[in-house]
Structure formats: C-alpha cells, structure tokens
Peer 1: 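Take a look at this one; I'll ask things after.
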Amino acid sequence: MATLSLGKDDLPTIKLKSEDDLVVSPFLGIEKGAVLQECRIFNDLHLKLRKCVDALVRLLYLVGQGEKLSSSEATEVFFSITKLFQSNEPTLRRLVYLSIKELAGAADEVIIVTNCLMKDVNSREDMYRANATRVLCRITDSQMVSQIERYLKQEIVDRNPVVASAALVSGQHLLLHNKGDVVRRWISEITQALEHPSPMVQYHALALLYQIRQHDRLAVSKLVQGLARSGIRSAFACCLLIRCILRIIGETSSNENINEYRPFFEFIESCLRHPSDMVVCEAARAIISVPGISREEVKKTVTIVNSHLLRRSSVVRHAALRILNKATYLYPNQQWFDPFDFEDFLHDKNRAITTLAIATVLRGAREQTIEGFLKKIQSKFMELPDEFRVQIVEAVHSLVLKYPNSYYSLLNFLGSSLREEGGFDFKRAVVDAYFSLLNEIPQSKEICLTHLCEFIEDCEHPFLSARILHLLGQEGPKMSQPGKYIRYIYNRIILENAAVRAAAVSSLARFLDENSTSKTRKAIVVLLKQCLHDSDDEVRDRASYFLHQCQRITDEENSLIKIDEGEEPVSSPTTIKEFPHLPYSLPELEGNLVDYLKREDFNEEFNVVNVPKAEKGFEAAEQIPMTSVPVKAEEANMNTDNWGNVSLAPSQVKEMPSWRDSNSRLSEIEELASLGIPLKTSSSVELTEPETEYNVTYVKHTYRQCIVLEFIIVSTLEDQILENVHIITDLSSIEGLQLVKNIPVSLLKYGSPQHAFVVLQRLEGFYPIGDAPCEVRYVVKEMIPSTGEVDERGFDEEYKLEDLSFGISDYMVPLQQSNARFKDIWDKFGSQNEVRETFALSMHQSIPSALNAVRDFLGMTVVEGAQVSPYATQHVSLFGGSLVTEADFILVVCYAEFVKENEAVILNLTVRSEDLNVSELVCSAIA
Amino acid sequence: MLSSIWEQLLSWLKSLFFEQEMELAVLGLQNAGKTTLVNLFATGTFTEDRIPTVGFNLRKVRKGGVTLKVWDLGGQQRFRSMWERYCRGVNVIVFVLDAVDKERFHTAKLELLEILQRPSLANIPLLFLANKSDLPGALVNPQEIIQTFDLKSIKDREVAVYSVSAKNRTNIDTVLRWLIVHNKKPANVNNQMSNGV
Ligand SMILES: Nc1nc2c(ncn2[C@@H]2O[C@H](COP(=O)(O)OP(=O)(O)OP(=O)(O)O)[C@@H](O)[C@H]2O)c(=O)[nH]1
Ligand SMILES: [Mg+2]
C-alpha cells in the first residue's frame with residue numbers, strides 16, 4: 001500500500017555522520033541564497049536526479065525551519081520545480097508535491113501545475129493520486145475548482161483509503177478557504193464514504209459532512225441521530241460525534257428541548273464504556289460540561305475519570321486530570337476527590353501532570369486545608385520549571401481572591417516565590433499577582449508593598465523594578481509610614497541602572513503631596529538635588545523637573561501669589577503631577593525634534609504647533625465646535641494619537657484634550673456605572689447644521705458588548721424649555737445592533753448643554769457597519785424669558801438629525817503597546833490568514849491625507865510610517881489594532897502601501913490577523 | 001580558447017555515442033491545436049476531444065534517434081505571461097496558429113511579437129505552424145501568412161513557416177524532418193525563410 005510519509009530510505013542525503021559520538025546535522029550551515037542557486041539545476045536539459053532530490057530536501061528543510069522566501073524568490077524556484085514533472089521518479093515526485101505545497105502560499109501563478117497534477121490524479125499509482133489530490137486543492141482557485149471537482153468526487157468513493165481520505169481532506173481544505181461551494185454537491189458520495197471499511201475514511205467523511213452542514217441544525221441532528229444509533233467504529237469519529245452533540249445541546253436554550261436530545265446524551269454515556277481511553281475522556285469531558293446536568297451524572301462520570309488517573313499512559317493521566325480540573329472549576333463547591341490521593345502526583349515523572357495536579361487541588365481546596373497543602377508543595381514547587389510555576393502562581397492568585405481571609409498564608413507563599421530563583425516570566429507572574437491583590441484586598445496592601453520592597457532590593461529585571469517603583473510612588477504616600485518606602489526607593493537611586501534610577505526619581509517625587517510634612521519635603525529635595533549630578537540625562541532631567549515643580553509650590557505657599565492662569569497647564573498649585581500629558585503623536589514629535597536638531601538653526605524656536613501635519617482628511621474633527629482654543633492648536637490636536645498612553649483606555653480621541661475630562665458625563669450616569677470604563681471613545685461629531693435651533697453632537701463609547709452613544713444637546717431658543725428630550729434611532733438597516741436603554745434629558749433649558757444616552761447592544765459575533773437615521777424627540781413648553789413663567793401646556797415635537805454612522809473603527813482599539821515586534825506578529829499570523837485588496841481613494845489627493853483617513857477609518861494605530869511628505873508618490877505604513885470581542889481582543893495588523901496616481905491615491909492593503917474572517921471583515925469594511 | 005575547442009570536440013564525440021536530445025516549447029492562443037499536434041507527434045494519431053490545457057503539458061517524443069522534450073503550453077490568456085519561463089533555453093519555439101480563426105489573428109500576432117522580444121529568448125529559432133489547413137477558409141498560402149504576421153520583420157533569428165493540418169496530417173512529416181535536421185545544425189543567426197508548400 002502506498003504511504004503518504006517519506007520513508008527513511010527516500011532521503012538519500014540524510015547521512016548522519018557520527019564522529020566521537022557527536023552528531024552533526026547534514027543541514028548545518030545551509031543558507032537560503034545557496035539553496036536557491038542550487039535549485040536552478042532543475043532547469044537543466046538533462047536532469048541529475050540525485051542532485052535534484054538533494055536540492056529539494058534542502059529547500060524543504062529551509063522552509064520548514066521558518067525561512068521566508070520573498071514572492072519573487074518563491075515564484076522563481078516554484079517554476080523551476082514545475083520542470084521536474086518531466087521525471088517520473090517516485091521519490092522526486094513526492095518531493096515535488098511537498099515543495100509545491102510549501103510554496104503555494106508565497107509563489108505567484110501556482111495554477112500552472114494544474115494540468116500536470118490532474119494527470120497524476122488520473123494515473124494508476126495510488127500514491128500519486130492521493131498526493132496529487134492534496135496538492136491540487138492547495139493550488140487551485142475558485143475559478144479553477146469546477147474543473148477538478150469531478151475527479152475529487154470520484155475519489156471520495158475510491159476503494160483505496162489513502163485516496164478517499166485525501167479527497168475528503170481536500171474537500172475540508174477547499175471549504176475552509178472559501179473555494180469550496182462545489183463540495184456541497186458531494187453529499188451522497190461523502191455519506192457513502194461514512195461506510196468505508198477504513199476508520200480513517202469514516203472519520204474524515206464525518207468531519208467533512210459536519211463541516212458542510214454545521215449551520216443547518218436540523219441536518220446535523222439527523223446526521224448525529226443516524227450515527228449514534230448505528231454506531232461508528234473509528235475512535236476519532238466517535239470523539240468528533242461527541243463534540244457535535246455537545247455543540248447541539250449547548251445551542252439548545254430551553255429545557256424542554258433537552259429531552260429531545262436525550263438519545264444523543266445516551267450515546268455519549270455509552271461512550272464512557274468505549275474501549276478507547278480517548279473516547280472515554282472525550283465523553284466524560286462532554287458530560288460534565290452539559291449545562292444543567294444533574295449532580296449524580298457528574299459524580300458517576302468523575303468516578304470513571306478517577307479510575308483513569310492510574311493509567312500507565314501519561315497522556316491519559318493528563319487528560320483525566322484536566323477533566324477533574326474542569327469539574328472543580330464548574331462545580332466549585334463540590335469535593336470531587338480527596339487531596340491526599342493526589343500526593344502521588346506530586347512525584348509524577350511528568351511535570352505537566354504534577355503542575356496540573358497542584359493547580360487542580362488548589363482550585364478545589366477547602367479553606368482549612370490550604371495552608372498545609374502549600375507547605376507540602378513548597379519544595380516540589382521550587383523544582384518545577386518556570387512555565388509550570390507560572391500556572392501555579394496563577395492558581396494561588398485566584399485562590400486568594402476566593403478566600404480573601406486566608407490571604408496571609410497565601411501571601412507568604414508568594415513572598416517566598418519572589419525570593420526564589422526564577423526567570424523573568426515567573427517573576428512577572430508573581431508581581432502581577434501582587435498588583436492585583438493589592439487592589440482587590442485592601443487590607444493586604446501593607447504586606448504586599450513590604451514584599452515588593454524587599455524584592456526590588458535584589459531584582460535583576462529593570463522592567464519589574466520600574467513597575468514596582470511606580471506603584472510605590474502611587475501607594476506609598478497614602479500609607480501610614482511613607483518614610484519607610486522613601487528609603488527603599490532611594491536605595492535604588494544609588495544602586496541601579498539608569499532606567500530604574502529614573503523611575504525611582506519619579507516615584508520619589510510623588511511623596512511631595514499635600515500631606516507630606518515639611519521635613520519629608522526637605523529630605524526629598526535634598527535627595528533630588530543629589531540626582532542632579534547623575535551620569536544619565538533622563539535621571540537628571542526628571543530630577544530637575546521635579547525640583548522646579550517643588551520650588552514653585554514652595555514659592556507659592558510662601559508668597560501666596562496666585563499663578564497666572566493658563567501659563568503652564570502642567571502645574572497644579574498643590575500637587576506635583578508626574579509628567580505633562582503631551583497631546584502629540586510621540587513618533588512625530590520625535591521626528592520633528594530630530595529634524596530641528598539637524599537643521600542646526602537654533603535662532604528659530606522649535607515650534608511644537610507644527611508637530612502633527614495639518615491636513616483636511618478628517619471631516620468630523622473639522623466640525624468640532626471650537627471655542628476658546630486657538631485655531632492653530634486645534635489643527636495640531638486633530639491628528640494626534642496619544643502614543644504615550646499605554647493602556648487600552650480611550651487613547652485615540654482626536655479632539656481637544658479637554659474632551660475626556662470635562663465634556664463626557666458618562667461616569668456620572670448611575671445606570672451606566674456597571675459598564676465600567678469604555679475601551680475607547682470616538683471623536684465627537686455634529687448632528688446638526690450650525691446656527692439652527694438646536695445643536696447636537698455625539699460621541700460613541702465602545703465597550704465589549706455594547707456601544708454607548710452620548711449626545712450633547714444645546715437649545716438656542718430662549719423662549720422655551722424642553723422636557724423628556726430623547727434620541728430615537730432607527731436601527732433597521734443595521735444588522736446586529738439592538739437598543740437596550742435610552743436615557744433622556746429630563747429638562748433642557750436655553751444655553752445649558754445636557755447629555756442624553758443611548759445604549760446599544762452588539763449581538764455576539766456581529767460588527768455592525770452602516771448609517772442609522774436619527775431624530776430627537778421632546779415636549780416643548782413656551783416660556784416668557786423675562787419672568788421665567790412657563791406655559792404648562794406642552795406639545796410633542798421632533799427634530800431630524802444627521803444620520804449616525806457606525807464603522808469598523810468603533811470596534812477597534814489602538815494597538816496596545818507591547819514588546820512584540822510587528823514583524824513577528826505578522827509572520828505568526830501567516831499568509832493563510834491574509835486578505836489583500838486594492839482601493840482607489842479618489843477623495844484624497846495626497847498620501848498624508850489618505851493615510852490619516854485610512855487610520856481613522858480603521859481606528860488603528862500607525863505602528864510605522866506615520867510620517868510622510870505631502871509630495872510623496874509612494875509610501876508604506878504599518879497599522880495595528882485590536883478588534884474588540886465579547887471576551888478578548890483579536891489582534892489585527894495591516895500592511896498598507898499607498899501609491900499616488902494622477903488625482904487619486906491607490907491603496908494596496910494587506911490585512912492579517914489570528915482569524916481569516918477578521919482579516920476579511922477589516923478589508924471589506926473599507927470597500 | 002583552447003579549452004572551448006576541446007569542449008566542442010567533446011560534445012561532438014558525445015553526440016556520436018549518446019542520443020540527441022532536443023527541447024521545444026509549443027505555444028499559441030487557445031484552441032490552436034497545440035496539444036493535438038504534440039499528441040500527433042508522439043503517437044501518430046489524431047485525437048478529436050477538446051480539453052483545454054490548464055497550465056502546461058510535458059511530452060517526450062522519440063523520432064529518428066532524437067528525443068524531443070516538448071513543453072505544450074496552455075494558450076488561455078491567464079497562462080500567456082508564463083510562456084517565457086518555459087521557452088528559456090529551448091532549441092526551437094513552435095508557434096501554432098488556428099488558421100481559420102481570423103478574428104484572433106491580431107491577438108496572435110501581438111502575443112508572438114511580445115514573446116520574441118524577450119531578451120532571454122534572443123536567437124532561438126521560430127517554427128510558425130498555421131494549423132487546420134483542412135478547414136475551408138483557412139489561411140494556407142505561406143506568403144500571405146508571412147505578410148499577415150509580419151514575419152519578415154523578425155531579423156534576429158531563424159524563422160520557418162509551414163501550413164499544416166493535424167487532422168489530415170498535411171506537412172507533419174516535413175515539419176518533423178525540419179526539426180530533426182535542425183537540431184543537427186548549429187543554430188546560426190541568419191534570417192533564412194524556409195517554407196513548405
Ligand atoms: N479541423 C481541425 N481541427 C483541429 C486540428 N487540430 C486541432 N483541431 C481541433 O482544435 C481543437 C483544439 O485543439 P487543442 O489541441 O486542444 O488546442 P490547444 O491549442 O492545445 O488549446 P489550449 O490547450 O487551450 O491552449 C480540438 O477540438 C481539436 O480537435 C486540425 O488540424 N484540423
Ligand atoms: Mg492544449
């Protein structure tokens with residue numbers, strides 16, 4: 001029978017030379033350029049088989065190691081490989097198949113080998129047929145697929161299992177990559193394949209059938225019902241079937257329907273007696289996660305799982321433990337096992353099992369037993385590698401939150417972990433736990449800070465030291481003995497590297513608040529003055545900045561002279577603020593400063609107003625009603641990302657900086673308090689023409705599951721008052737948004753702005769985009785302005801507003817600043833999750849304007865290439881953003897190439913993310 | 001210099017003992033009859049069925065002590081840009097024309113001139129076959145063909161023109177003979193127009 005994998009003897013090149021027991025890889029020192037050069041021999045008139053095989057093996061090795069070929073390199077080598085079809089040597093042909101599969105993503109015009117592969121699909125060699133089929137579906141496109149369909153369909157019912165499976169798997173692949181509408185026509189062949197004698201074919205057939213029908217609940221039910229009754233031999237298929245059933249049951253909402261699925265459930269139960277451990281575990285996992293399942297059922301299942309804990313195979317042990325772990329998680333108040341039975345696991349050979357066992361016990365432990373257990377594992381804990389210790393730290397962390405009263409013994413455990421040897425990730429996990437506990441359990445603050453102070457005395461990770469110093473600056477002054485922390489902080493200034501010293505200076509300065517005694521103040525000033533002689537610029541700058549601030553406060557207090565208003569927005573009269581909030585895009589500011597230094601013309605002052613390029617790409621911002629801010633500053637603020645802002649909190653508000661602080665009343669509305677802080681707030685948009693009776697602007701606050709619209713309404717009519725002012729939106733043309741709450745303004749008087757709110761729920765999985773008509777409704781009452789007398793007979797009225805609009809940017813928050821490099825993320829997502837599209841942006845005449853418009857439209861951050869000259873004809877920018885989902889964020893990155901052509905800008909946009917659907921969503925949002 | 005003489009001598013010696021091999025690229029618009037012709041060369045029979053070539057086909061044909069390696073290329077629009085990759089280094093470029101499809105003569109001419117312009121293909125002899133001469137209305141007169149396709153303007157390579165029919169096997173043997181003889185001669189740069197009747 002044909003095999004699909006390469007046997008050892010197929011690779012004549014891999015000869016392991018052993019010299020003094022030292023094994024040298026035959027691939028040592030292989031280099032891309034050389035291999036590509038070597039592949040040119042495929043074009044020779046006379047093929048040298050052996051050399052061709054060698055070259056292909058090396059090429060595959062390179063690609064397998066993650067080496068990236070550029071599109072032109074891949075195309076070049078791909079076309080050379082196509083010439084190898086002239087040889088019918090089986091080894092060579094297999095390598096050709098493998099290489100084409102590897103290159104199919106990167107090379108252009110791979111469709112050219114269709115004919116050659118079709119010939120192989122029709123050949124008599126089963127190995128050729130199966131392999132060629134798999135390659136064929138990789139290189140085909142939606143146009144071409146109809147031409148190969150009929151062969152695939154035939155192969156599904158082939159007697160040879162390898163061929164049938166290849167065709168079925170290819171069908172899955174086609175469906176996944178949206179080339180597969182044809183696959184839906186194969187139902188009867190696939191159903192036939194379910195009965196194939198080979199378990200592998202059964203499994204693949206079931207997987208494909210389910211994939212085709214997964215959105216048709218009724219069809220899936222029927223399929224499952226049939227199979228559950230008749231039984232299916234393949235263990236894999238059995239597991240898959242269990243998963244399908246679980247999904248069906250999970251989707252069933254009401255209790256009555258559960259009965260309908262009783263037979264399904266019985267099938268799963270019968271699987272608990274299946275000879276294969278894999279199936280048993282799958283079934284057990286399914287049973288405990290069925291919503292509303294009875295305790296007896298869970299108990300029965302857990303008993304079976306418990307018996308698997310003693311199996312020889314560590315995979316089975318691990319799986320069984322995971323199920324128990326899940327049971328403890330789902331049914332926290334139940335005792336599923338005796339922790340003392342778990343002692344064996346502490347000595348398990350497999351560390352993953354040890355860790356999971358500890359985490360499981362911790363999760364299910366009763367409060368009284370915790371302390372004893374922690375003592376027991378302490379020594380074991382020290383032996384584990386970091387990644388496992390991180391898991392245990394997390395388990396301890398959640399335990400503290402569960403039993404806040406036991407925080408003392410748990411903190412002791414964490415404290416000793418801090419003293420142990422360990423890498424950065426481990427230490428960070430522990431520090432993270434402290435940070436969270438400190439906030440969750442206020443009475444633990446004192447101990448937490450003490451532990452952290454001790455930790456920084458001997459911490460080799462500047463990143464953690466800086467974080468802790470910042471925390472000390474924040475919390476220390478509020479504690480009963482601030483002096484204690486000052487000493488710890490000052491020690492850092494003497495002993496650490498520049499980054500930590502700078503953080504320590506800032507931290508120290510925080511102790512200069514209104515409560516600090518003059519003695520403390522004097523001491524700090526002395527300490528800061530010493531820092532003026534530091535060897536590092538940043539440290540000196542910070543010290544002199546804070547000293548300057550301090551001086552100002554002292555002066556102020558002494559002379560009681562009021563500071564000129566608005567002279568220096570960063571100084572508040574009594575407290576030192578850490579650093580002024582810069583309303584500029586930091587990369588742009590940096591670029592401008594570098595330019596300024598290069599010009600070396602220091603007679604001219606650096607003009608910060610020019611920092612972000614003034615351009616007219618952002619229409620909404622232009623309409624912001626501006627009052628006191630000078631026009632130039634307005635322009636300057638308009639295109640600003642707050643790069644300095646590390647958090648995901650509203651950091652891309654392109655507006656006057658005052659907006660967030662003063663204009664939004666979001667935080668004052670009690671009904672909205674449960675929502676928390678929005679992930680993002682849009683810039684404000686006018687909904688009325690200027691100089692009309694009413695003036696309405698609105699902003700959108702983005703939350704995970706909803707959008708809050710905040711309307712600011714101003715009446716310009718002196719002789720009336722409005723009551724019950726509320727906004728009515730018509731969401732009928734936007735799928736996936738639902739009105740949940742409408743918070744009206746009860747009384748609106750002339751000239752005083754009031755805020756109305758509309759809360760919209762975003763249905764799961766939807767990213768609604770489009771325009772929604774909208775109007776404001778109210779009751780008008782006449783009033784005599786001079787006397788304030790109101791005519792109580794009001795009448796209903798409405799006033800039409802501009803349409804509201806929702807775009808992808810409403811669901812996108814700017815990239816969190818992280819250590820990951822763009823390129824790594826880009827490569828990680830890979831070309832399989834990539835969507836490419838070209839747009840003509842005819843509204844834009846220059847690249848900067850197009851760039852800003854695209855950025856605003858996508859709601860993303862420009863990671864690279866934010867700066868571009870208005871005269872540029874070509875430019876590349878990298879964008880990044882995080883799409884908000886119900887529970888998480890999905891990272892999206894874009895490679896945007898702008899080309900100026902005549903009167904328009906052409907945009908070639910390549911989008912990648914974790915999920916192809918998301919890439920498509922982002923790309924299609926532009927069109 | 002001496003070494004190059006040696007090399008020539010060596011290759012001549014080799015040619016006495018080993019089989020000759022020759023590489024052809026067959027191109028032309030879709031439906032011209034390329035695959036049909038190549039099949040005919042290979043098997044000696046005319047097969048009627050029309051399956052467009054999606055990509056390319058490779059055939060090895062043995063004729064008179066010469067092995068012909070033939071790249072039969074798909075003629076549909078989307079494959080034309082890839083012709084050049086399979087023409088590099090061949091001994092002869094064979095361009096096949098559907099002699100009755102007058103509407104597409106212009107396109108055929110443009111594609112032909114385009115491919116011959118490629119620097120990588122300079123000096124490679126061109127064999128121009130006007131196929132389907134059996135059909136009424138076919139363009140069969142060599143002089144007319146040369147004029148219609150402006151073949152006189154091709155100066156940098158040898159060009160041969162034949163009117164053929166795969167169906168009736170008209171001129172097929174002549175073409176094969178031309179190819180085989182051609183391989184024996186070193187390809188020199190002259191613009192000698194040979195043409196069949
Ligand atoms: N009457 C006639 N028909 C021919 C002749 N040669 C080929 N045909 C027919 O022309 C049609 C196209 O032939 P193919 O050989 O498939 O054409 P092709 O050039 O390979 O086409 P592509 O692969 O799409 O580029 C077929 O129906 C052939 O039977 C000929 O000499 N006379
Ligand atoms: Mg063909």
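Lettering of chains follows the sequences in order, A, B, ..., and the numbering in each one begins at 1. Here the structure is a predicted model, which means the values were calculated and not measured.
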Peer 1: Quick one, A/Q86 and B/W71 - any side-chain contact, counting heavy atoms below 4.5 Å?
Peer 2: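 Yes - at least one pair of side-chain heavy atoms lies under 4.5 Å apart.
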Peer 1: What are the two closest non-hydrogen atoms of B/R78 and A/I111, and how far apart are they?
Peer 2: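 Closest heavy-atom pair between B/R78 and A/I111: NH2-CG2, 3.6 Å.
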Peer 1: Report the residues that fulfil salt bridge (charged side-chain N to carboxylate O under 4.0 Å, His left out) with B/D72, sequence neighbours left out, ordered by chain and then residue number.
Peer 2: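 For B/D72 there are no salt bridge (charged side-chain N to carboxylate O under 4.0 Å, His left out) partners, ignoring immediate neighbours.
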Peer 1: Around atom NZ of B/K60, are there more than 12 heavy atoms of other residues, nucleotides or ligands at under 6.0 Å?
Peer 2: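 Counting other residues, nucleotides and ligands, NZ of B/K60 exceeds 12 neighbours.
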Peer 1: Testing the basics here: between A/N115 and B/F56, what is the closest heavy-atom pair and its distance to 0.1 Å?
Peer 2: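 Heavy-atom minimum between the residues: ND2-O, 3.1 Å.
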Peer 1: With only heavy atoms counted, which part of A/E76 is less than 4.5 Å from chain B, the side chain, the backbone, both or neither?
Peer 2: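 Contact with chain B: backbone and side chain both.
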Peer 1: Here's a test for you: under side-chain contact (heavy atoms from CB on, under 4.5 Å), which of A/T82, A/N43, A/T75 qualifies with B/R85?
Peer 2: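 Per the side-chain contact (heavy atoms from CB on, under 4.5 Å) rule, the option paired with B/R85 is A/T75, out of A/T82, A/N43, A/T75.
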Peer 1: Which atom pair, heavy atoms only, marks the closest approach of A/I112 to B/M82?
Peer 2: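 Smallest interatomic distance, heavy atoms only, reads CD1-SD, 3.4 Å.
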Peer 1: For B/Q147, does the CD atom have more than 12 heavy-atom neighbours from other residues, nucleotides or ligands under 6.0 Å away?
Peer 2: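 No - once you tally the heavy atoms of other residues, nucleotides and ligands closer than 6.0 Å, there are 12 at most.
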Peer 1: Evaluate the side-chain proximity of B/S81 to A/E109: yes if any heavy-atom separation is below 4.5 Å, no if none is.
Peer 2: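 Touching, per the 4.5 Å side-chain cut-off.
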Peer 1: Can you tell which part of A/S80 gets under 4.5 Å to a heavy atom of chain B, answering side chain, backbone, both or neither?
Peer 2: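 It is neither, since no heavy atom gets under 4.5 Å.
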Peer 1: Count the heavy atoms belonging to other residues, nucleotides or ligands that lie under 6.0 Å from CZ of A/R184, then report whether that count exceeds 12.
Peer 2: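 Atom CZ in A/R184 is packed in, count exceeds 12.
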Peer 1: Check whether A/K119 gets within reach of chain B through its side chain, its backbone, both or neither, counting any heavy atom under 4.5 Å.
Peer 2: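 The answer is the side chain of A/K119.
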Peer 1: Minimum heavy-atom separation for B/K69 and A/D44, please, with both atom names.
Peer 2: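 Heavy atoms only, the tightest pair is NZ-O, 4.1 Å.
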Peer 1: For B/F79, which residues count as a ring-ring contact (aromatic ring centres under 6.0 Å, His included) partner, sequence neighbours excluded?
Peer 2: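 With sequence neighbours excluded, B/F79 shows a ring-ring contact (aromatic ring centres under 6.0 Å, His included) to no residue whatsoever.
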